[in-house]
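Input: a single structure, listed below in structure tokens.
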Amino acid sequence: MQDLIKIARYVGLVAIDVGARGGPKHDLDAIAPAVDFYCFEPDEEECTRLNQQGRQGPWKSVTYLPTALAAEQRQFELNLYRKRGCSSGLRARQEVGEIFCRGDYYIHDGVVSMEARRFDDVAAEFLIEKPAFMKIDVQGMEVEVFRGAAEALKNDLVGIRTEVSFFPLYDEQPLFADVDQCLRSFDFYPMRWIETHEWRRLTRTKYPGLSEQVLPASRGQLMHADVLYLAHPEALPHQSEEHLRRLIRLGLVAICYGHIDHADAAFRRPGVSDYIQEKVGVNCLSVLQDASNALARSARLQERVRKLGRFMARLSGMSID
């Protein structure tokens with residue numbers, strides 16, 4: 001995939017991680033040497049820990065900022081909960097957590113007061129230029145962050161991995177429909193679930209795991225998930241060089257997530273493939289074919305693993321004399 005990295009290095013790719021506890025996810029590994037990550041983590045203790053551990057992973061650069069993001073500049077109170085990953089600017093509904101055997105997650109440990117700022121303003125101050133990708137996990141504050149990033153959504157971003165909720169775990173928490181409506185207004189559309197989380201009421205054990213209770217197996221209720229949104233290629237302009245570079249970044253992000261058809265649509269926009277050929281000396285079709293073939297190999301391997309799993313399940317059900 002050297003040609004893919006070559007393209008990415010030429011156009012550059014800035015990624016944003018909002019709610020960066022644990023550090024950046026590895027979704028963009030295919031082009032990691034060309035990716036500059038800016039990570040926002042309002043929990044100062046966690047942000048300090050991340051800065052102390054230095055750059056982790058294959059990224060070109062990683063910068064951690066102890067900044068809270070919101071729809072407008074204001075005083076922000078971060079509610080700290082016993083499970084720090086559940087900390088939020090919203091007040092948790094601990095009684096809901098208790099229904100699903102997770103009440104201890106939402107024990108309130110205090111409040112940290114800080115200033116929250118619009119992403120568009122922070123980007124201008126720290127010279128975060130042309131952010132292309134955003135991963136966001138801020139426990140119910142997603143829509144507010146998007147409202148403060150309107151310029152980036154309109155002019156620069158091409159891909160978003162966002163957590164969405166289907167059941168309110170916090171007071172006044174926007175749910176999936178609200179996040180979806182917000183992003184669709186900027187011509188971003190859901191591509192697929194990256195991961196889903198279903199919670200059971202009698203145990204934290206998730207299906208198909210078995211608990212040691214009277215009811216060992218059960219599916220849970222869909223509570224939250226990560227969903228990938230990509231910009232609609234046909235909705236993006238193509239008249240200027242910067243327009244072409246944005247379309248190329250869309251193709252790069254789409255390839256990283258295996259959406260080769262979507263990348264093809266971005267590269268087929270007028271002038272894009274010619275620009276890549278002229279500036280980088282790479283044939284777009286060849287890059288797409290390589291990516292598609294790699295995805296096909298992965299799909300075949302996954303199918304073999306599934307078949308093996310089904311065979312082992314049948315074998316375990318046989319009686320052996």
Side-chain angles (χ1 to χ4, degrees), residues 1-17 24-38 55 57-63 127-135 152-161 187-189 191-192 194 228-302:
M1 301 291 274
Q2 289 304 309
D3 282 346
L4 193 67
I5 295 174
K6 190 176 179 181
I7 295 171
R9 280 179 167 152
Y10 182 80
V11 299
L13 200 140
V14 173
I16 309 301
D17 191 337
K25 292 185 180 293
H26 286 262
D27 300 23
L28 303 180
D29 273 4
I31 55 172
V35 176
D36 293 297
F37 250 113
Y38 289 86
R55 189 181 70 169
W59 318 111
K60 179 181 177 183
S61 70
V62 181
T63 302
L127 302 179
I128 303 175
E129 298 182 355
K130 306 299 178 184
F133 175 79
M134 177 186 287
K135 168 263 169 185
L153 283 163
K154 181 180 178 182
N155 300 316
D156 300 311
L157 286 165
V158 295
I160 298 167
R161 173 177 177 163
D187 285 317
F188 284 82
Y189 294 90
M191 300 297 292
R192 65 183 171 95
I194 303 299
L228 172 68
Y229 281 81
L230 293 178
H232 190 51
E234 289 76 14
L236 298 184
H238 57 85
Q239 287 77 17
S240 71
E241 181 174 7
E242 194 47 56
H243 291 158
L244 298 180
R245 292 165 76 93
R246 187 184 184 191
L247 282 160
I248 293 169
R249 294 183 187 114
L250 171 57
L252 293 171
V253 173
I255 288 172
C256 287
Y257 279 99
H259 291 279
I260 314 302
D261 288 359
H262 204 82
D264 179 61
F267 289 164
R268 284 181 183 274
R269 295 286 285 156
V272 174
S273 60
D274 289 342
Y275 180 86
I276 294 174
Q277 184 70 58
E278 176 187 350
K279 300 294 185 180
V280 190
V282 171
N283 181 276
C284 282
L285 180 58
S286 176
V287 169
L288 291 167
Q289 287 175 330
D290 288 346
S292 184
N293 289 332
L295 189 64
R297 289 192 294 271
S298 177
R300 286 193 289 267
L301 178 60
Q302 291 177 32

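FYI, side chains are in, hydrogens and waters are out, and symmetry mates aren't considered; it's all heavy atoms of this structure.
A donor-acceptor contact under 3.5 angstrom links the side chains of Arg192 and His259, judged on distance only. Of the N and O atoms on the side chains of Tyr38 and Asp17, not one donor lies less than 3.5 Å from an acceptor on the other residue. Side-chain polar atoms of Tyr275 and Arg245 form a donor-acceptor pair below 3.5 angstrom. Using modelled atom types and a 3.5 Å distance limit, the side chains of Ser298 and Gln302 yield a donor-acceptor pair.
Of the charged side-chain nitrogens involved, at least one lies within less than 4.0 Å of a carboxylate oxygen, so that Asp27 and Arg161 count as a salt-bridged pair.
Using a 4.5 Å heavy-atom threshold, the side chains of Ile16 and Ile128 count as touching. With a 4.5 Å cut-off on side-chain heavy atoms, Pro33 and Lys60 do not count as touching. Between Ile160 and Leu153, some side-chain heavy-atom pair lies under the 4.5 Å cut-off. Annotation: side chain of Lys130 is in contact with side chain of Glu242 (closest heavy-atom distance under 4.5 Å).
Of the possible donor and acceptor atoms, one in the side chain of Asn293 sits under 3.5 Å from a partner among the backbone N and O of Gln289. The backbone N or O of Leu236 sits less than 3.5 Å from a side-chain atom of Arg269, completing a donor-acceptor pair. Formation of a donor-acceptor pair under 3.5 Å by the His262 side chain with backbone atoms of Ala231 is found in this model. Looking at Asn283, its side chain does come within 3.5 Å of a backbone N or O of Ser286 through a donor-acceptor pair.
Rounding to the nearest 0.5 Å gives a distance of 5.0 Å between CD1 of Ile255 and CG of Leu288. Note: Thr63 OG1 to Phe37 CZ = 11.5 Å, rounded to the nearest 0.5 Å. Note that SG of Cys284 is 8.0 Å distant from CD of Gln277, once rounded to the nearest 0.5 Å.
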